[in-house]
Asker: 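I have a structure here, written as structure tokens, and I will follow up with some questions on it.
This is a predicted model, so every value here is computed, not measured. Lettering follows sequence order; numbering is per chain, from 1.
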There are 2 protein chains.
Amino acid sequence: MTNEDSKRNFLLNIHDLAKHLNISIGTVSRALNGRADVNAKTRQRVIEAAQKFGYSPNQSGRSLRQGSTGLVGFMVIINRDRETRGEAFFMSIFDGMQSYLSSRGLDFVVHFCGSDEDPVAYLRRIAERRLVDGIVISQMYRTDKRIDYLVQRKMPFIAFGRSESSKIFSWMDLDFEGVAEKAINHLCLLGHRRIAIATASNDINYGYVFVDACRSSLAKRGLSLPDELVLQEPLTESGGYRVGERLLAMENRPTAVVLVDNTMAIGLYHIFQDVKIIPGKDISIVGFDASPNGEFLRPSLTQFEVPLGQLGRWLGEHIMLLIEAKGTGKKMPVFSKLWPMKMILGDSSGPTS
Amino acid sequence: MTNEDSKRNFLLNIHDLAKHLNISIGTVSRALNGRADVNAKTRQRVIEAAQKFGYSPNQSGRSLRQGSTGLVGFMVIINRDRETRGEAFFMSIFDGMQSYLSSRGLDFVVHFCGSDEDPVAYLRRIAERRLVDGIVISQMYRTDKRIDYLVQRKMPFIAFGRSESSKIFSWMDLDFEGVAEKAINHLCLLGHRRIAIATASNDINYGYVFVDACRSSLAKRGLSLPDELVLQEPLTESGGYRVGERLLAMENRPTAVVLVDNTMAIGLYHIFQDVKIIPGKDISIVGFDASPNGEFLRPSLTQFEVPLGQLGRWLGEHIMLLIEAKGTGKKMPVFSKLWPMKMILGDSSGPTS
DNA sequence: CGAATGTCCGTAAACGTTTACGGAAAAGAC
DNA sequence: GTCTTTTCCGTAAACGTTTACGGACATTCG
């Protein structure tokens, strides 16, 4: 009793609302859910009362009955040493996803896997407890257990980033191959022959993909990418600084360097500034994703532009399609998409001297 | 039938598990929930089976029965022109919160209110549908309707940031007063007399609080803060650039400027670099929150340090206390805390010439 | 050996919804 | 007027849990 009080609190449910309106709970539910078999006048009364008392159906009851939560998740792995893309990156994606999903009546929620937790265990908890109907997973590893798990569980998901897997699954990724080709082409036209690549550690898949793509693009032009020019460092400011140190220490210094993340550019610029090397003149730098930092560096950074909001909307739309397909029992479609990026010329890349 | 199939899918529930073990669902539930009245051997069998088949209780059923979701939320308002603190800021807070809450058996989830949505309506949906047991709201406005709503609804919440309100509510905020005092003191000791403040627009509460605090600290030293030295610009790189433009345009230029957000520092440094003004020599700059950007600026930025992970843990702990108090029917405690920040001396602040 | 106690488990109600079903009343057809 | 159709609403079952309650059986005690 006292327990019930503390549980119920003063919040009202569908019974209270029905009693107040002198109609049955079935009618209240039908009215709010926009079903046809309810009188227009009655519906109006119900909606007004719900509005007035601040009533929305309890999501737990609803989910339980419907077998779905109406919730879409996005899983982010927090990395203490930030060996991943800059986090600000995600915000614009969230914005686009949220905007699309809410227009379709779905809710959107982000799950942050702590830096001290196992991503697979974390994801399993979310899935087993049925917290969401579908999920976007990000920061894909080169081989990622999460994929096998979700496929086997037949849970709707999209991987933001590719991954090596024998399974068939939906993914979308930035067009690293296209970026590599454009970057290498640009630098080669400027006369560069010895080009370094700064990238992430090998188990982060896109670092690997990007280096591979650069190697191909170089090969097409009769150039090679020796191992000592692949500089693996954390994708951070200090990682960029470290890249600079390693470049400066080389006996046969490259004339250009391509970065897989713009955060690195900041550290790189600073070490160059310390030793009076001018980007675009003494050495060429090409960055990756367009970020405000890039525009504000001096000289401005040559980088690539990607409309993150649109990308988020794409994710929202397609995860919804997967969820719908599963809900209606149809077999789930499989999506895969490479998102194109546009090169923005800055002053950090110039002809060889 | 076919409908049931598509709903149920192949996922198993407590009945399936009980049938497989040849015991009742009650026992399964008790075993998994660690109740005393279940045989140790039986419990072991249940736990192993659950592990083997990947079973966790369906959260909807659980929430419905218990009247609580075991979920803690964090509401972030996405701002397209980023008139708020840098977003990377939040990640470390999430990390701390997630870490604390998961150690207490609670789940943590972040809700992003899209830039095209009304924050109050967004929050109401979350609350009315009982998506979470408690929530941290951030980016407080000077007067914030969300507070009144949550107080009236008796929903456990903590405001991350103060706000003017007649209501009593729990909050935690950075110690803007302390920062202002230290920054002003530091600059005054260096001989500065004419100090500008770069801040956010007036409806963001902390911008207002900070300017007010600076004004007090200046007054204590017999100095004033004329209106033309309060520079309201977006807390972005270009906002910082704009601040620089305004400073350069002044007939009686201040010798120092205090920023309420370090993102601004980037733009400010660049315009100064363009016109060959050296921070710390020709003009002094004091930043706000410690960010890697700050360390990597040249000359290094004088700024303030805050352990964001600890701050997140504090939020997790105290929102949990509020939820527990409400669950047991006790009256909810009220927390308020100013989080201290430590000044990190850089080379961007120096004596007047 | 009977009674009292303790250990463990099954039963069933409840949580707040949605929705298939059936039926009452109103409307239309003849 | 009756018969059919339509419109609208109430009833009750179901979703997957947790937990109060009671009872079966084993154990202890006198």
Asker: Looking at every heavy atom in both A/Ile14 and A/Ile25, which two are closest together, and how far apart are they?
Answerer: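 Residues A/Ile14 and A/Ile25, closest heavy atoms: CD1-O, 3.6 Å.
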Asker: To check you understand the geometry: which heavy-atom pair defines the closest contact between A/Met155 and A/Lys326, and what is its length?
Answerer: CA-NZ, 4.4 Å
Asker: Classify the side chain of A/Arg65 versus the base of D/dG16 as yes if they form a donor-acceptor pair under 3.5 Å and no if they do not.
Answerer: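 Counting by modelled atom types and ignoring angles, no donor-acceptor contact under 3.5 Å is found here.
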Asker: At 4.0 Å (heavy atoms only), tell me whether A/Ser60 reaches a base, stays on the sugar-phosphate, or touches nothing.
Answerer: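 Contact class for A/Ser60: none.
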Asker: Can you give me the closest heavy-atom contact between A/Arg313 and A/Ser99, atom names plus distance?
Answerer: NH1-OG, 2.7 Å
Asker: Considering heavy-atom distances to DNA chain C, does B/Gly61 or B/Ser24 have its closest nucleotide positioned more toward the 5' end?
Answerer: B/Ser24
Asker: Between the base of C/dG10 and the side chain of B/Arg30, is there a donor and acceptor pair under 3.5 angstrom?
Answerer: yes
Asker: Would A/Arg45 and A/Asn39 count as having a side-chain donor-acceptor pair, cut-off 3.5 Å?
Answerer: no
Asker: So what does B/Ile23 touch, heavy atoms closer than 4.0 Å: a base, only the sugar-phosphate, or nothing?
Answerer: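 It contacts sugar-phosphate atoms only.
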Asker: Decide if atom NZ of B/Lys337 counts as having more than 12 heavy atoms of other residues, nucleotides or ligands within a radius under 6.0 Å.
Answerer: yes
Asker: Should B/Asp37 and B/Arg35 count as an ion pair when the cut-off is N to O under 4.0 Å?
Answerer: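 A salt bridge is absent here (no side-chain N lies under 4.0 Å from a carboxylate O).
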Asker: Roughly how many Å is it from NE2 in A/His15 to P in D/dA12, rounded to a whole number?
Answerer: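 It is 12 Å, rounded to the nearest whole Å.
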Asker: Contacts to DNA chain D from residues 33-57 of chain A, heavy-atom cutoff under 4.0 Å, which residues?
Answerer: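 Contacting residues: A/Asp37, A/Val38, A/Asn39, A/Thr42.
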Asker: Within the structure, does a side-chain N or O atom of B/Thr27 lie under 4.0 Å from either OP1 or OP2 of C/dC9?
Answerer: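 No.
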Asker: Whether A/Gln59 contacts C/dG16 is assessed here as follows: a side-chain N or O lying under 4.0 Å from the phosphate OP1 or OP2. Is that the case?
Answerer: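 No.
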Asker: From CD1 of B/Ile25 over to C1' of D/dT18, roughly how many Å is that when rounded to an integer?
Answerer: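 Distance check: B/Ile25 CD1 to D/dT18 C1' gives 9 Å.
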Asker: In whole angstrom, what separates A/Asn58's CG from C/dC15's P?
Answerer: 12 Å
